[in-house]
Each structure stands twice: as structure tokens, then as C-alpha cells.
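Scroll down for the structure; my scribbles are underneath it.
Keep in mind the model is a prediction, meaning the values are calculated, not measured. Reminder, nothing fancy here: chain letters follow the sequence lines and each chain counts from 1.
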2 protein chains.
Amino acid sequence: MEGNIKRRNTQQRKVILDILRSTDIHPTADWIYERARQVIPNISLGTVYRNLKILKDEGLILELNDGKQSRFDGRIDEHFHFKCTSCNSIYDIDRQEIVQIDKERLGKEGYTVQGYEVVFTGICPKCNGNQN
Amino acid sequence: MEGNIKRRNTQQRKVILDILRSTDIHPTADWIYERARQVIPNISLGTVYRNLKILKDEGLILELNDGKQSRFDGRIDEHFHFKCTSCNSIYDIDRQEIVQIDKERLGKEGYTVQGYEVVFTGICPKCNGNQN
DNA sequence: TTAGCTGCAAACCCTTTGCGAGGCC
DNA sequence: GGCCTCGCAAAGGGTTTGCAGCTAA
């Protein structure tokens, strides 16, 4: 669609990416906005949202669904997440093996695993059929 | 908190649960609402949302985060999901082993896996410490 | 009887978008 | 100079909630 738009390296975009890369709390857009205002006092929330979308489209950050608010992740290597149902924090879980969920290991590290959700993304058989 | 509220078995709640159990498309609240209106013409969207929340709190259904809209799942046994990035459908993936992600198997079944997300839920070490 | 539940509609809140001005390449 | 991006503010869209009447137990 728009993969060949010439992106500018604006200060706003750099600041937002820096903020995201300097934290592991998987912040919301609003948290990033407050942080960004410490560097660019008159930055707008709309700009934060627009740049988060751009950064996501370029594969530089990830967007996590967390209820109705989105959270963003500056770490894009493959890793799992652990969401605390008590404080709603989201923790990074390093992958021990390629594709293996290790509940026991988490337990030893102090986590109490109540459940987990696995969501694959890709193209379904129906769409695969339609596409060729 | 409110685990001892005496729930009534209203027709609205029954209809909503029945609808959810009779489909595997992981519908949105609005879809359920439209279906429910075929049985209870003057049911309100607010009632649908309230009952979905109650059913979820009682562990009878699951809520899935799918962007800004929630989707609901009447199937509560452990299973994976596959979300098509082309048509946005969500498919149920039966678990082949206890906790093993089987990309190869999905490929053989016609799915093209582009990625997957694993989200654990539970209590984090920090909160575990605070709670005792 | 009575406390949970409903329909209605307004309120909420996060996110998106239109606009004219501004600035990176 | 071109056009991508900005700040501002209003609009959008899914979800929640206050209220008064209703109803299951």
C-alpha cells in the first residue's frame, strides 16, 4: 500500500522510539506521551499515536492488546509475556527453547501461572485457497 | 469481592450463553447482540455487555483481546487460537500436546503461520511477595 | 418482598482524523 | 520547494453506567 513513503526522521519519532527502547514496562500511549513531553513539551498525543503506528508498521516496535488500551513493546525479538492479574504489569519472559512454554520454570522464578493464551497469526486455509 | 452475589437465571443471560456456545467464530458483542435480538427483540446492547461480563467473571466464557474490540469464546477448555491476518477470522486450534506449539502441524493443515503470541497470566513475583 | 436485572440513553475513554502551519530532505 | 509531519481539537467507536421500572426467587 504505502511501503514506499519516504519517512522523515523527525525528533518526535526518535524520542518516542528512544522512550520505548529504554523501558520494559510495556507502556500505554499516554505514558509515552507524558514521557515525551519532558523532552518536547508541546508534543501532542495525536503525534504520539501516529508515530507509534508508523513505528509498528515499520516493524520497529510491537503493539500488545491489553483490554481496551494498547501497550507497546520496544523489544522485538521473540519472547513471551507474563501479565500479572494483580497489578496488571506485563513482564518479558525470555524464551528457553524455540517454541516451548515452561510453566514450571516460571513457578521457580516466583510467578504463579494461572493461565496462558496462545494466539497464532497468519493466513487461514480459506484465505490461502482464495489467494492462489 | 462480589463472589456471593445471588445471580438470577434471566432469559437474557441464557440466550447469550446459548448463542456463544453454538458458534465457533468468536463473535463480538455486537454480533451477539444482533443474534440475541432474534430471540428477544427489545434486548439492549448494554444488557449484552453486562451479561458477557458476568459470564466471564463466572468462568463460563472467555474474552479475547482483538484490537479494540473484544471477542468472546464459549469454549473454555484449553485450546489455542489462530487469527488470520487476511480475513481476521479466529480459529480454534486443538492442543496436540499439553503445552506445545506445533507450527508444522498447522502448516500441514493449510495454515500459514506468520507469528504467534504467548501471554501468560497469573501473579508476578512482586505481587506474590506483597500478598503474604 | 426485594435485590438483582433490564432497556434506554447519555457518558466515558482511548484512538483516529481533518485542517492549516511547519520543517526535513 | 515538495510533501511528510506537526499541534490542535473535534469526531469516532466500542464499552460502561445512571436511572427508574421490572422480575426471578
**Message:** Categorize Asp30(A) for me: base, sugar-phosphate, or nothing, with a 4.0 angstrom heavy-atom threshold over every strand shown.
**Reply:** nothing

**Item:** Below 4.0 Å: OP1/OP2 of dC5(C) and any side-chain N or O of Arg7(B)
**Value:** yes

**Prompt:** OP1, OP2 of dA3(C) versus side-chain N and O of Arg8(B): anything below 4.0 Å?
**Reply:** no

**Message:** Between Ala29(B) and Asn9(B), which residue's closest nucleotide on DNA chain D lies nearer the 5′ terminus?
**Reply:** Ala29(B)

**Request:** Ignoring backbone atoms, test whether Ser70(B) places a side-chain nitrogen or oxygen under 4.0 Å from the OP1 or OP2 oxygen of dT15(D).
**Result:** yes

**Prompt:** Between Asp66(A) and Lys83(A), is the closest basic N to carboxylate O distance under 4.0 Å?
**Reply:** yes

**Asked** What integer distance in Å separates Gln69(A):CD from dC12(C):C1'?
**Response** 13 Å

**Asked** Over how many whole Å does the gap from Lys6(B) atom NZ to dT23(D) atom P extend?
**Response** 20 Å

**Asked** With respect to the side chain of Ser44(A), which nucleotide from dT5(D), dC8(D), dG7(C) is positioned closest?
**Response** dC8(D)

**Prompt:** How many Å lie between CD on Gln12(A) and P on dG22(C), as a whole number?
**Reply:** 14 Å

**Request:** Using a cut-off of strictly less than 4.0 Å, decide whether Thr47(A) has a side-chain nitrogen or oxygen near OP1 or OP2 of dG7(D).
**Result:** yes

**Asked** Checking all strands, does Arg13(B) fall into the base, sugar-phosphate, or nothing category for heavy-atom contacts under 4.0 angstrom?
**Response** sugar-phosphate

**Message:** Tell me whether Glu58(A) is salt-bridged to Arg7(A), with the criterion being a basic N under 4.0 Å from an acidic carboxylate O.
**Reply:** yes

**Prompt:** Below 4.0 angstrom, N of the basic side chain to O of the carboxylate: do Asp73(A) and Arg71(A) qualify?
**Reply:** no

**Item:** N/O (side chain, Asn51(B)) to phosphate O (OP1/OP2, dT6(C)) under 4.0 Å
**Value:** yes

**Whole-Å gap separating C1' (dT6(C)) and CZ (Arg37(B))** = 16 Å

**Request:** Measure the distance from CG on Leu52(B) to C1' on dC5(C) and round it to the nearest whole Å.
**Result:** 15 Å

**Request:** Report the distance from atom CG of Leu45(A) to atom P of dC6(D), rounded to the nearest whole Å.
**Result:** 13 Å

**Value in whole Å for how far the P atom of dC8(D) lies from OH of Tyr33(A)** = 8 Å

**Under-4.0 Å side-chain N/O to phosphate OP1/OP2 contact, Lys68(A) with dT16(D)** = yes

**Item:** Plane angle bin for His81(A) and His26(A) - parallel if under 30°, tilted between 30 and 60°, otherwise perpendicular
**Value:** perpendicular

**Prompt:** Got a donor-acceptor pair under 3.5 Å from the side chain of Arg50(B) to the base of dG4(C)?
**Reply:** no

**Donor-acceptor contact present, side-chain Arg75(B) to main-chain Asp24(B), <3.5 Å** = no

**Request:** Find which nucleotide of DNA chain D each of Tyr49(B) and Val48(A) is nearest to by heavy atoms, and output the residue with the more 5' nucleotide.
**Result:** Val48(A)

**Fill in**
In whole angstroms, the gap separating P of dC5(C) from CG of Asn42(B) amounts to 18 Å

**Asked** Looking only at side-chain N and O atoms, does Gln11(B) come under 4.0 Å of OP1 or OP2 in dT23(D)?
**Response** no

**Message:** Using side-chain heavy atoms (C-beta onward) and a distance below 4.5 Å, is Pro27(A) in contact with Leu20(A)?
**Reply:** yes

